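Nothing here was measured: the structure is a model prediction, and the numbers come from that model.
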Amino acid sequence: MLYFINDYSEGAHPKILEALAKTNNEHLLGYGADEYTQSAKKKICAFLGKDIDDIYMISGGTQTNKVVIGTMLENYEGVIAAVTGHVSIHEAGAIEATGHKVLTLPSHDGKIDADELKDYLETFYNDGNHEHMVFPGMVYVSHPTEYGTLYSKAELTAISKVCHEYDLPLFLDGARLGYGLAAKHDLEIEDIVNLTDVFYIGGTKVGALCGEAVVYTHHNAPKHFVTQIKQYGALLAKGRLMGVQFDTLFTDDLYLKISQNAVDTAMKLKAGLKEKGYHFYLDSPTNQQFIIMENEKLKALGEKVMYSFWEKYDDDHTVIRLATSWATKEEDVDALLALL
């Protein structure tokens with residue numbers, strides 16, 4: 001069976017497992033106060049090109065989104081996101097469970113549009129009844145998006161400008177950030193630092209067993225944030241688990257090197273699919289590729305390939321996702337193309 005269902009089927013990069021085993025018997029402080037977590041934060045700052053005090057490690061993406069959004073919003077506020085955004089669709093109402101509504105905008109290949117964002121905000125505040133409505137309290141984007149697409153520097157700059165105009169924090173979900181940075185694109189990590197108020201560096205989907213590194217870019221972390229993380233049940237006593245992993249990921253550019261593998265194998269797959277005449281649902285420059293398949297062909301494919309159902313295209317066709325990862329081998333891509 002070939003696995004292209006997601007980018008977290010494998011365990012972790014061997015260097016991470018080696019580091020965890022090597023440090024296993026060391027006696028370390030808990031809750032992220034250990035030396036490896038502190039070292040990881042310093043290395044992340046070097047990667048970001050800026051000294052940042054507010055870096056926190058949380059065990060998973062949904063926990064991170066829930067904690068960041070839940071702690072930054074007032075009780076009468078909601079978060080603006082694309083209708084296809086992860087917090088809108090695939091988090092089982094985690095955000096709503098905090099008492100905050102997800103306020104959706106149209107999706108343009110997974111992205112929101114700055115002009116539509118501004119129009120939404122203008123319409124809200126011009127509504128004479130807006131005191132009876134959920135206030136927009138922050139803006140959520142993901143990079144890459146759920147469709148593998150990327151925000152350009154100009155697009156994120158425009159969204160950031162609208163956010164500043166309305167005094168709304170901009171939150172960037174970076175669960176697959178490594179793959180976005182590895183793709184040929186003009187939005188660099190320094191731009192993300194400058195244009196957002198908070199973002200996170202995904203580990204779970206980029207070579208780690210688990211963990212995301214949350215970065216507050218302007219000394220703007222919520223008050224007593226560690227206490228609030230614990231309130232949400234997302235603070236690990238053995239914070240070393242994530243500290244050791246991120247310390248390893250940000251040693252010798254490992255994070256970007258393994259991210260590049262996912263993008264390179266995805267581009268090989270994309271080229272092969274084009275040669276075979278497959279129709280793409282959209283153009284993705286990252287590790288997630290979406291193709292339109294005849295339903296009858298999917299039955300046979302499913303016997304040999306694990307893929308991800310994405311959405312119904314029409315009565316006879318389905319959009320599926322084929323995802324590569326840090327661990328995907330070229331021979332895996334060759335085998336998949338041979339089946340297709």
Side-chain angles (χ1 to χ4, degrees), residues 7 44-50 52 80-82 84-86 105-118 139-165 168-203 205-207 212-218 249-250 253-271 274 280-290 321 323-326:
D7 39 22
I44 289 172
C45 286
F47 172 71
L48 301 178
K50 182 179 180 181
I52 294 177
I80 296 175
T84 56
H86 203 265
L105 289 180
S107 167
H108 302 277
D109 292 344
K111 297 185 287 186
I112 64 171
D113 176 76
D115 289 336
E116 290 178 349
L117 171 62
K118 186 168 184 177
V139 174
Y140 165 98
V141 298
S142 53
H143 183 84
T145 69
E146 294 303 289
Y147 286 87
T149 53
L150 298 171
Y151 285 93
S152 68
K153 183 176 179 179
E155 288 172 330
L156 194 63
T157 299
I159 292 170
S160 180
K161 182 178 179 181
V162 175
C163 288
H164 286 146
E165 183 179 345
L168 298 177
L170 176 58
F171 172 33
L172 186 144
D173 176 333
R176 294 184 170 93
L177 184 60
Y179 304 139
L181 296 174
K184 293 181 179 178
H185 202 60
D186 71 339
L187 187 66
E188 303 292 346
I189 189 63
E190 293 84 2
D191 301 317
I192 292 172
V193 172
N194 292 330
L195 294 171
T196 68
D197 296 282
V198 55
F199 70 95
Y200 66 94
I201 301 168
K205 295 173 180 174
V206 192
E212 327 296 321
V214 181
V215 181
Y216 282 91
T217 57
H218 307 304
L249 283 173
F250 285 90
D253 293 326
L254 181 63
Y255 188 72
L256 289 180
K257 288 175 182 175
I258 64 176
S259 296
Q260 192 65 57
N261 177 76
V263 173
D264 289 346
T265 51
M267 293 305 101
K268 177 182 174 73
L269 174 60
K270 185 177 185 178
K274 283 183 177 179
F280 290 81
Y281 185 58
L282 47 73
D283 184 26
S284 165
T286 62
N287 71 310
Q288 301 178 86
Q289 297 298 314
F290 299 84
R321 181 185 72 176
T324 58
S325 79
W326 59 273

- Check whether any side-chain heavy atom of T286 sits under 4.5 Å from a side-chain heavy atom of R176, and report yes or no. no
- Say whether, by atom type as modelled, one donor and one acceptor occur between the side chain of Q289 and the main chain of S284 under 3.5 angstrom. yes
- Query: Have D173 and Y200 got a donor and an acceptor in their side chains that come within less than 3.5 Å?
  - Reply: yes
- Look at the side chain of K50 and the backbone N and O of T217, then say whether any donor-acceptor pair between them is shorter than 3.5 Å. yes
- Task: Please state whether the rings of F250 and Y255 are parallel, tilted or perpendicular, taking 30° and 60° as the class boundaries.
- Result: parallel
- Can you tell if the side chain of Y151 reaches within under 4.5 Å of the side chain of L195, non-hydrogen atoms only? no
- Item | Y179 versus V206, closest heavy-atom pair with distance | OH-CA, 3.6 Å
- Item | D197 (side chain) donor-acceptor with F171 (main chain) under 3.5 angstrom | no
- Query: Between R321 and Y281, is any pair of side-chain heavy atoms under 4.5 Å apart?
  - Reply: no
- Return yes if some donor-acceptor pair links the side-chain N/O of D186 with the main-chain N/O of K153 below 3.5 Å, else return no. yes
- Message: Determine whether a donor-acceptor pair (N or O, by modelled atom type, separation under 3.5 Å) exists between the side chain of H218 and the backbone of T196.
- Response: yes
- State, yes or no, whether a side-chain contact exists between F47 and L181 at a heavy-atom distance under 4.5 Å. yes
- Message: Let me confirm one number: the CG-CG distance from N287 to D264, rounded to the nearest 0.5 Å.
- Response: 11.5 Å
- Task: Answer yes or no: is there a donor N or O on one side and an acceptor on the other, between the side chain of D191 and the main chain of E188, under 3.5 Å?
- Result: yes
- Task: Given side-chain contact (heavy atoms from CB on, under 4.5 Å), test I52 with I44 step by step and report yes or no.
- Result: CA-CA 9 Å; I52 294 177; I44 289 172; over 6 Å; no
- More than 12 non-hydrogen atoms from neighbouring residues, nucleotides or ligands closer than 6.0 Å to NZ on K268, yes or no? yes
- Test item: S160 side-chain N/O and L156 main-chain N/O as donor-acceptor pair under 3.5 Å: no
- Query: Is there a side-chain contact between T145 and T84 (heavy atoms, below 4.5 Å)?
  - Reply: no
- Does some side-chain heavy atom of L150 sit less than 4.5 Å from a side-chain heavy atom of P285? yes
- Note on the structure: Nearest heavy-atom approach of E146 to Q288 is O-OE1, 3.6 Å
- Task: In sequence, state the C-alpha distance, the side-chain angles, and the governing distance for V139 and I112, and then conclude on side-chain contact (heavy atoms from CB on, under 4.5 Å).
- Result: CA-CA 10 Å; V139 174; I112 64 171; 3.8 Å; yes
- Taking the side chain as every heavy atom from C-beta outward, state whether V215 and V193 have any pair of such atoms under 4.5 Å apart. no
- Note on the structure: The reported gap from CH2 in W326 to CG in L249 (rounded to nearest 0.5 angstrom) is 10.0 Å
- Can you list the steps and then say if D109 with D283 is a side-chain contact (heavy atoms from CB on, under 4.5 Å)? CA-CA 9 Å; D109 292 344; D283 184 26; over 6 Å; no
- Query: Okay, side chain of T324, backbone of A262: is any donor-acceptor separation there less than 3.5 Å?
  - Reply: yes
- Do you know which two heavy atoms are closest between K274 and F280, and how far apart they sit? CG-CE1, 3.5 Å
- Task: Side-chain contact test, heavy atoms from C-beta onward, threshold under 4.5 Å: evaluate it for L170 versus I159 and give yes or no.
- Result: yes
- Item | Any donor-acceptor N/O pair, S259 side chain to A182 backbone, under 3.5 Å | no
- Message: Is there a side-chain contact (heavy atoms from CB on, under 4.5 Å) between L117 and L105? Walk through the geometry before answering.
- Response: CA-CA 7 Å; L117 171 62; L105 289 180; 4.0 Å; yes
- Nearest heavy-atom contact between A82 and G110 is CB-O, 3.9 Å
- Message: Among K111, H185, E155, which residue satisfies the side-chain contact (heavy atoms from CB on, under 4.5 Å) criterion with H143?
- Response: H185
